Every structure is written in C-alpha cells, then in structure tokens.
Amino acid sequence: MPGRPRILHIFSTFDHGGAEARTVSLINHWGNRINHAIWAGVPKAMGARAAIDPEIDVTFPEQEATLVLGPAQMTRYYRIARMLRGYNLILTYSWGAMDVVMAHRIFARRLHLPPLIHHEDGYTESEPGFENWRRHFFRRMALQSAHALVVPSQMLVSIARAIMACARQQNPADSQWHRCRGVPSQGRPKAIPGFIKRPGSIVVGTVAGLREVKNLPKLVREVAVTELDLELVIVGEGPERDVILSEAKRCGIADRVHLPGFLNNPASFLGLFDIFALSSDSEQYPLAVVEAMAAGLPVVSTDVGDLRQMLSEQNLPFLIDCNEEAKLATAIARLATDPALRKRLGKDNRDQADRFGQKATMIAAYEQLYGSAMQGRNPWRAERG
C-alpha cells in the first residue's frame, strides 16, 4: 500500500509490559494503514511480537537494534540520528530509549529529522520515586526537541511538570480504560495451561512481569500467611521466576502457586480469578488492573501510582501501604472468606471502568496526538473525512 506513513517505535526491550501491550493494541487496530518498524535494545527480548497480527506489515530491523543501548558518545548519537531519517514519526518509550531522544535533540535540525514523541510509563528499579537526579537532568536536556511527552498517570504528569520541565505533556490516562469483552463468568476452564480450578476453591490472581519491582515474592508470602487453602496464579514472564518459586517452596505452598508464563488473551482467563492482587513497589497506571476491574474483580493492592483514582470508592480500603505486608495478607483473607463482598466490589469496579469509557476513546486520543505531529501524513483524518 504506497504512501502509508512510517512510524518507528523504539524500546529497550519489546517484552510483555504495559507500554508494549498498548502499542500492540494500537498496531493491531490500525492494521496496514501504517507501516510500523520496531527497534529493541535487547534483540532477544521480543516476547510482545507474537501478539501482533501476522497480517500487519511490521518490520524489526536488527541492524538498528544495537544502537538503542550503549555509551553516550557523539559519534554514536550521530549514527542513531542518521537512522531516524525516512520515517514520518518517531515514538520512544521510557528510559531505555532516552539515548535516541538525545540523538534527536542534537541532530534534529541538521538532519531534518521527523517529529519525536516520548512515552514514560513508570519507574525502573534504579529510580524508585524518581529520585535519580542524573536521569532527571538527562531527560530535561533530551526532551527539549520532543513534540510531546506522553504519560499514563496523574502522578507522572506532576513529575513531568516538576522535574522534566517539558511544556507539552499529554495524559491519555482517563481514556485508557477498556472493557475486557467476552470474559466468561467462570472463565474458560483450560485457559491457563497446567491449571484447573477446583470446585469451591478461591483463586488469587495477578498479571505482571516477573521483575523485582513487582515484588511477587511478597504476594506469595501474603497468600501463605492467610493459612487459607488459596490458589495463587501469576501470569507473566521475567527474570524473577526462580526467586518466586523458591519463595513458594520456602513458604510451603509450592503446590498452590502457578506460573503459566505470558498469556495473550486476558478475556479467556480473568474469569478464573476470584481476587486480583498487586504487590508492586511502584506502578503508574497498570493496565492489568484496568482489565481486572472491567472483568468484575475485587482488587487488593499496594497503594501505588494512580490506583486511588482508578478503583471504585468501595474498593479503596483494600489499598495498603507498601510496607504493611501483614495488612495485605489480612485484606486478601477478608475477601477470600466473604463471597458477597467480592461480588459487590467486583460490580463496583466494573461500573467504575464503564464510567471511564471504552477502548475507542483511547485510540482516538492517540490518533489525535500522533496525527498532530505528522501533520500532512495523518491517515486517520483522511479516513474520517
């Protein structure tokens, strides 16, 4: 299809995560109206690639991938900048792509580079609470040439204004809610490989990358401390898998902790959960919680990111300070032993998700932002007349 706009997406990794899931959702929706290319600084970390519709024209140029991560050298920045030419829009994601943002900042005018929009989806383990001043300074310098900075939470809007000093923040947070359509009331029995829900059992479930910041060993301990016959299902992939399994064995519940890996269709398995739990030390606007709410689940979570604005008012007592592990276990136990409360909070959360809008609203917000950057190369404006 000639004349299609070319968008380049740049990640440190393209494994499963919130930013990657959102990007895949947009790519699949737009189909072949856009020609997409994806760079990843770690070429082997490409787990999200499998979720892209194979009929869509997406390229993964391996020769560029090695440029994403590396030393801060002017010759390297120049090489990066030269490889940004030929696209209509550059989209960068989180700290791992910040060198590309800096290369764009330095050479945008000289090389007539396309506009760049940067997305910050959260913190890394090395900067909890955004306390790394060197990164603040680097971001502030690099983002001066960006068309916009996109953040998914009200907390990050405040951080962007106070620390990154960028004038054009965008916050599509309120339009990222979407119904997890087709969730069966009981879930599909074999939707989670290797796991069959026992009649009458209570399943505590979560969807998260198996990374240190998610603090999933803490969730294992919380389930164990309740001394109830609970099943724990952790859907996701990552480097902390062995640590989680080791903690489950130490706590004596290894036979009740299930790690099926990444699963592509939340609608097929969220109905198998009775309680959705989040144990993260840091989050912003976790899409997994959005999907859990839309599926009608009660949520027990650490009090992080925008969860106080996301969850229904009735669910707020089940947000617990990150340092109060015993209270998290108590909250899980309370929900596990009160089916009427679970049902009531699940309905409240589903209603809350409905009030915040549908997936189409999110897509329209990104189309408007990306189209404004590309100006004359806006396929959505053309389609809608």
Side-chain angles (χ1 to χ4, degrees), residues 3-11 14 17-39 48 52 56 58 84 87-98 100-101 104-105 108 113-122 139-140 142-161 164-178 284-287 290 306 309-310 356-385:
R4 291 178 298 169
R6 302 185 69 210
I7 295 181
L8 174 62
H9 306 262
I10 303 174
F11 296 83
F14 196 59
E20 293 80 2
R22 184 181 64 246
T23 300
V24 167
S25 178
L26 291 171
I27 288 174
N28 287 341
H29 176 80
W30 292 330
N32 282 316
R33 284 181 285 167
I34 306 289
N35 186 309
H36 297 274
I38 297 174
W39 294 6
I52 298 175
I56 297 175
V58 181
L84 301 180
Y87 295 95
N88 300 103
L89 180 63
I90 310 298
L91 302 179
T92 52
Y93 300 85
S94 296
W95 173 254
M98 193 54 63
V100 177
V101 182
H104 185 275
R105 163 76 174 86
L113 297 180
L116 179 146
I117 294 175
H118 184 65
H119 306 69
E120 280 284 352
D121 275 76
R139 285 185 174 98
R140 181 174 297 186
L143 286 165
Q144 290 182 32
S145 69
H147 177 82
L149 168 63
V150 177
V151 292
S153 74
Q154 294 298 332
M155 178 181 290
L156 276 180
V157 168
S158 301
I159 291 170
R161 288 173 178 162
M164 298 180 192
C166 294
R168 297 182 299 277
Q169 297 90 7
Q170 302 287 331
N171 178 29
D174 290 345
S175 57
Q176 286 198 25
W177 297 83
H178 62 278
Q284 292 308 316
Y285 195 92
L287 294 180
V290 175
D306 277 9
Q309 289 73 49
M310 295 167 62
F356 273 84
Q358 303 295 329
K359 186 175 180 179
T361 310
M362 176 196 77
I363 291 171
Y366 280 98
E367 288 178 358
Q368 181 178 14
L369 174 61
Y370 295 167
S372 71
M374 291 191 290
Q375 298 176 350
R377 303 304 304 278
N378 186 339
W380 308 293
R381 183 186 303 158
E383 182 180 89
R384 292 168 184 170

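In this text, all values refer to a predicted model and were calculated from it rather than measured experimentally. Values below: all heavy atoms of this structure, side chains included; hydrogens, waters and symmetry mates excluded. In what follows, residues are counted from 1 in the order of the sequence shown.
Evaluation of the ring-ring contact (aromatic ring centres under 6.0 Å, His included) rule for His118 yields no partner, not counting sequence neighbours. Taking His36 as the reference, His9 meet the side-chain hydrogen bond (donor to acceptor under 3.5 Å, both in side chains) condition, with sequence neighbours excluded. Taking the side-chain contact (heavy atoms from CB on, under 4.5 Å) definition, one finds that Ala21 meets it with nothing, sequence neighbours left out.
Each of Val101, Leu116, Thr92, Ile38 was evaluated against Ile10; a single residue qualifies, Thr92, per the side chain to side chain contact (heavy atoms under 4.5 Å, CB included) test. Ile117 pairs in a side chain to side chain contact (heavy atoms under 4.5 Å, CB included) with only one of the listed residues (Leu149, Val150, Ile90, Ile7), which is Val150.
Contact check for Ser372 versus His147: side-chain heavy atoms found under the 4.5 Å cut-off. Residues Leu143 and Arg105 fail the side-chain proximity criterion, which asks for heavy atoms closer than 4.5 Å.
Shown here for Pro115 and Ala373, the closest heavy-atom pair between the two residues is CG-O, 3.3 Å. Nearest approach of Pro114 to His104, heavy atoms of both residues: O-NE2, 2.7 Å. Between Arg33 and His29, the closest heavy-atom pair is NH2-O, 3.9 Å.
Looking at Asn35, its side chain never comes within 3.5 Å of a backbone N or O of Arg4 through a donor-acceptor pair.
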### Query
Could you walk me through whether Tyr370 and Leu91 pass the side-chain contact (heavy atoms from CB on, under 4.5 Å) check?
CA-CA 9 Å; Tyr370 295 167; Leu91 302 179; 3.7 Å; yes

### Query
How far apart are the C-alpha atoms of Phe11 and Thr23, what are their side-chain angles, what is the distance that settles it, and do they pass the side-chain contact (heavy atoms from CB on, under 4.5 Å) test?
CA-CA 11 Å; Phe11 296 83; Thr23 300; 3.6 Å; yes

### Task
Take Leu89 and Leu8 through the test side-chain contact (heavy atoms from CB on, under 4.5 Å) and record every step on the way to the result.
CA-CA 6 Å; Leu89 180 63; Leu8 174 62; over 6 Å; no

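In this structure, a donor-acceptor pair under 3.5 Å is absent between the side chains of Glu120 and Trp95.
The OH atom of Tyr93 sits 4.5 Å away from atom NE2 of His119, with the distance rounded to the nearest 0.5 Å.
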